Protein chains: 2
Amino acid sequence: MTDMTVPVSRNTRRSDALSRDRIVEAAVEVLDATGEAGLTVRALTAHLSTGRGAIYHHVVNKEELLAAAVDEIVGRATAAAGDDDDPGRAIRALALGIFDAIDAHPWVGTQLSREPRQPAVFRIWRSVGSQLQRLGVPAAAMAAAGSALVNYVLGAAAQYAAGARRATGDADRKAYLATLAAQWAQHDPDPIVQEAAARLDDHDDREQFLAGVEIFLTGITAVAARG
Amino acid sequence: MTDMTVPVSRNTRRSDALSRDRIVEAAVEVLDATGEAGLTVRALTAHLSTGRGAIYHHVVNKEELLAAAVDEIVGRATAAAGDDDDPGRAIRALALGIFDAIDAHPWVGTQLSREPRQPAVFRIWRSVGSQLQRLGVPAAAMAAAGSALVNYVLGAAAQYAAGARRATGDADRKAYLATLAAQWAQHDPDPIVQEAAARLDDHDDREQFLAGVEIFLTGITAVAARG
DNA sequence: ACCTGAACACCGTTCAAGT
DNA sequence: ACCTGAACACCGTTCAAGT
């Protein structure tokens, strides 16, 4: 069993005033160290060495806190990938940035698809929309194109997050996929499932995620051209 | 004289043995009536008029129970939409079947994207895979095509579920989308967001979901042809 | 074998009381 | 104003005890 305890803050500057930003930062640390289930108000107050009620002085409730933590990570990812001259490359970079953020912080993937009205989702919509516009997608097709890409990215995020949750790093992920493939193959005699399982066993899901983005880009270009 | 024997309970099914199927059926009823948060072991035992521990005689834990409830609904949806001669039409029907199932049972949408290793997700993979095969997607492209489509459907499922959770029926959903659009527009001055919000206000999300399926089908066909 | 329901080890959130 | 921590109203799960 791995030790799941969160290290107590290096130096108890209890005299610092608590703030929303400090609480969100602490939430990210607790989530990274112990996962979604590990973020309890009690764990958070222990990490900040304060009382439970103090949290509620700066944050409405746990849901809002989680949304803020997700937005923190997604904000970094979208900011890091926005400055490519070619909009197609910018979209691939944006998608990969989100993928890698979820690989590093699996709780982000799960939380992103739980609530469409959260800041982080607005942020993704905005980035996707601006790149699709630069790509030349006409206004009439924008809503369909944007939601197709956003839904794909969020769907993939949630699915891959389950793998990343159990296994971070390349080797671990390969092992996870092998197990998953075995489970599928055992669970279902259908030849298509068997085939998919066999391929799952030795593919790179980061590459597969990108292949999906490629399919979308090809589709949106063709649909926009004939629409 | 009237018969004075008071029936202990009109619900004589109490004497029926409890079974896994009966428990799953009851879980679906509780979920439909009170939503995800309403499915507690206590509520379920009340609905079945039994003790808490009895549940654990037939079901491993709450997570497995939820997965079984989701599979029940998704099973009906995939069965209803599998017999079209044209694989393209069959895929659209399959996607719409899942969309409508989530509209009627919003908790399905949220739960589907939470765990890739659940029976309902296998089921969707299987249906999608078999139709893509009939569509002529070569084996080498199958994993990418399948995961693109499945991830899109699951991502959309989760996003639309949030709308359906608050508003079932056409009029309510329109009202929800109008509120969401207003919230976006207020939250963000970016012209692209403003544009998206304006369109969100008067579109049909069922139609938009289908437009996304169309984009992916077009992309898959084009990529498979040149691959 | 199947079921019961009290007990256990947790939750998020509130609020009178302190500084 | 900001913080504390006991108290409240819940959870899912277990298990000795009953039939």
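If you're wondering where the values come from, they're calculated on a predicted model, not measured in any experiment. Proteins come first, then strands; the chains are lettered A, B, ... in the order of their sequence lines, and each starts at number 1.
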Going by the side chain to side chain contact (heavy atoms under 4.5 Å, CB included) test, name the single residue among A:Leu39, A:Ile73, A:Ile102 that passes it with A:Trp107. A:Ile73
In which stems does DNA chain D show up, taking only runs of three or more Watson-Crick or G-U wobble pairs whose two distances fall under 3.5 Å? C:4-8 with D:12-16, C:12-16 with D:4-8
Quick check: A:Phe216 with B:Tyr152 (ring centres under 6.0 Å apart)? no
When you measure from the side chain of B:Ser49 to the backbone of B:Ala46, do you find a donor-acceptor pair of N or O atoms at a distance under 3.5 Å? no
Checking B:Glu36 now: which residues fulfil salt bridge (charged side-chain N to carboxylate O under 4.0 Å, His left out) with it, not counting sequence neighbours? B:Arg114, B:Arg165
Any side-chain heavy-atom pair of A:Ile55 and A:Leu48 under 4.5 Å: yes
For A:Asp100, all residues meeting side-chain hydrogen bond (donor to acceptor under 3.5 Å, both in side chains), sequence neighbours excluded: A:Arg206
I'd like to check the side-chain hydrogen bond (donor to acceptor under 3.5 Å, both in side chains) partners of B:Gln118; sequence neighbours left out, ordered by chain and number. none
Does A:Leu18 reach a base, just sugar-phosphate, or nothing at all? Heavy atoms under 4.0 Å. sugar-phosphate
Strictly under 4.0 angstrom, non-hydrogen atoms only: write out the protein contact profile of nucleotides 6-19 of chain C, one letter per nucleotide from the 5' end, B, S or -. B----BBBBB----
What residues form a side-chain hydrogen bond (donor to acceptor under 3.5 Å, both in side chains) with B:Arg42, not counting sequence neighbours? none
Does a nitrogen or oxygen in the side chain of B:His58 sit under 4.0 Å from OP1 or OP2 of C:dC3? yes
